[in-house]
Amino acid sequence: MQPAAPQSPASVDELLERARSLAGRPLGWVAERLSVPVPVDLRRSKGWVGQLLERYLGASAGSRPEPDFPHLGIELKSVPVDRSGRPRESTYVCTAPLDGSLAGTWQDSWVRRKLRCVLWLPVVGEAPVAIAERLVGGALLWSPSPEDEAQLRDDWQELAELIQTGDLRRLDAHTGEVLQLRPKAASSKALTWMLDADANWIQVNPRGFYLRRSFTTHLLARHLRLPGS
DNA sequence: AACTGATCATGT
DNA sequence: ACATGATCAGTT
């Protein structure tokens with residue numbers, strides 16, 4: 001993707017207005033306005049949808065460890081959903097520091113900071129629907145409810161303990177009700193350092209924090225209009 | 001069908 | 001190597 005970046009929205013309202021104006025638009029329409037070619041499939045373009053929408057909405061480009069809209073403190077997440085609005089995939093949150101640099105408390109964690117304010121943008125359609133024909137859904141500006149935050153905090157604390165104690169047996173995607181750890185790397189051969197249970201430095205596959213599908217399903221369902229309402 | 005582990009592209 | 005953006009694809 002290369003064309004000029006639209007100007008960044010000056011306010012939350014402006015961002016929301018632009019995001020909501022996309023509701024019902026096919027991705028092909030967005031791509032055409034940005035003069036971006038649409039891939040035939042996403043196998044070699046896994047981040048394409050998110051990057052397209054970022055660009056259209058004027059998010060600051062690049063992969064800096066900042067919110068997509070730094071001046072607004074808002075993170076943009078596109079999420080693939082089925083036609084009932086249910087997410088088809090889990091949602092990546094951030095890297096899990098395995099090297100001892102993990103925050104000591106939930107309050108100071110990157111997970112909490114990343115999820116403080118998220119603009120969810122559902123994208124409806126899956127194979128065999130062509131990428132260009134998939135539709136942008138209704139944008140949702142979300143911050144965790146007290147209940148959401150309690151669930152996230154509990155899981156984060158459990159996962160943080162696994163990391164801090166080097167409990168490799170449970171350092172996998174099975175742990176956590178709403179938040180989980182999954183591989184996050186170029187391949188299973190990529191390695192990073194961590195301290196194991198016996199305090200020896202070992203090399204392991206890097207992990208990231210992800211939101212389980214059940215969590216995003218519920219958070220979208222609480223806010224989306226259902227047919228007939 | 002849903003889940004976990006593996007993977008792809010691009011920029012810092 | 002790590003951060004961003006995620007989806008793929010094999011297994012359960």
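Numbered from 1 within each chain, the chains take letters A, B, ... in sequence-line order. Small disclaimer: the values here were computed from a predicted structure and weren't measured.
To the nearest angstrom, P of B/dA1 lies 20 Å from CZ of A/Arg212. The distance from atom CZ of A/Arg207 to atom P of C/dA3 is 15 Å, rounded to the nearest whole Å. The distance between atom CG of A/Leu42 and atom P of C/dG5, rounded to the nearest whole Å, is 16 Å. Rounded to an integer number of Å, the gap from CD of A/Gln51 to P of C/dT7 is 11 Å. Look at NZ on A/Lys46: it is 17 Å from C1' on C/dA3, rounded to the nearest Å.
Residue-to-nucleotide contacts include no donor-acceptor pair under 3.5 Å from the side chain of A/Tyr92 to the base of C/dA3. Counting atom types as modelled, A/Lys184 pairs a side-chain N or O with a base atom of C/dG5 as donor and acceptor under 3.5 Å.
Under the 4.0 Å criterion applied to side-chain N and carboxylate O atoms, A/Asp155 and A/Arg212 are not assigned as salt-bridge partners.
The residue among A/Arg43 and A/His174 whose nearest nucleotide of DNA chain B lies closer to the 5′ end is A/His174. Mapped onto DNA chain C by nearest heavy atom, A/Pro80 and A/Glu66 fall at different nucleotides, with A/Glu66 at the one closer to the 5' end. Two residues, A/Gly50 and A/Thr95, neighbour DNA chain C, and the one matched to the more 5' nucleotide by heavy-atom proximity is A/Thr95.
To the nearest 0.5 Å, the span separating CZ on A/Arg170 from CD on A/Glu161 amounts to 8.5 Å. Taken from CD in A/Glu149 to CD in A/Gln151, the straight-line distance is 11.5 Å, to the nearest 0.5 Å.
Within the structure, every side-chain polar atom (N or O) of A/Ser90 is placed at least 4.0 Å from both OP1 and OP2 of B/dT4.
In this structure, A/Ala190 reaches neither bases nor backbone, as no heavy-atom distance under 4.0 Å exists between it and the strands shown. No contact: A/Glu126 has no heavy atom under 4.0 Å from any strand. Contact annotation for A/Arg86: backbone-only contact, meaning every heavy-atom pair under 4.0 Å involves sugar-phosphate atoms and none involves a base.
Heavy-atom contacts from other residues, nucleotides or ligands closer than 6.0 Å to CD of A/Glu32 number 12 or fewer.
Taking the side chain of A/Arg44 as heavy atoms from C-beta on, and the options C/dT7, C/dA6, B/dC8, the nearest nucleotide is B/dC8.
Proximity of a side-chain donor or acceptor of A/Arg86 to a complementary backbone N or O of A/Leu220 within less than 3.5 Å is not detected.
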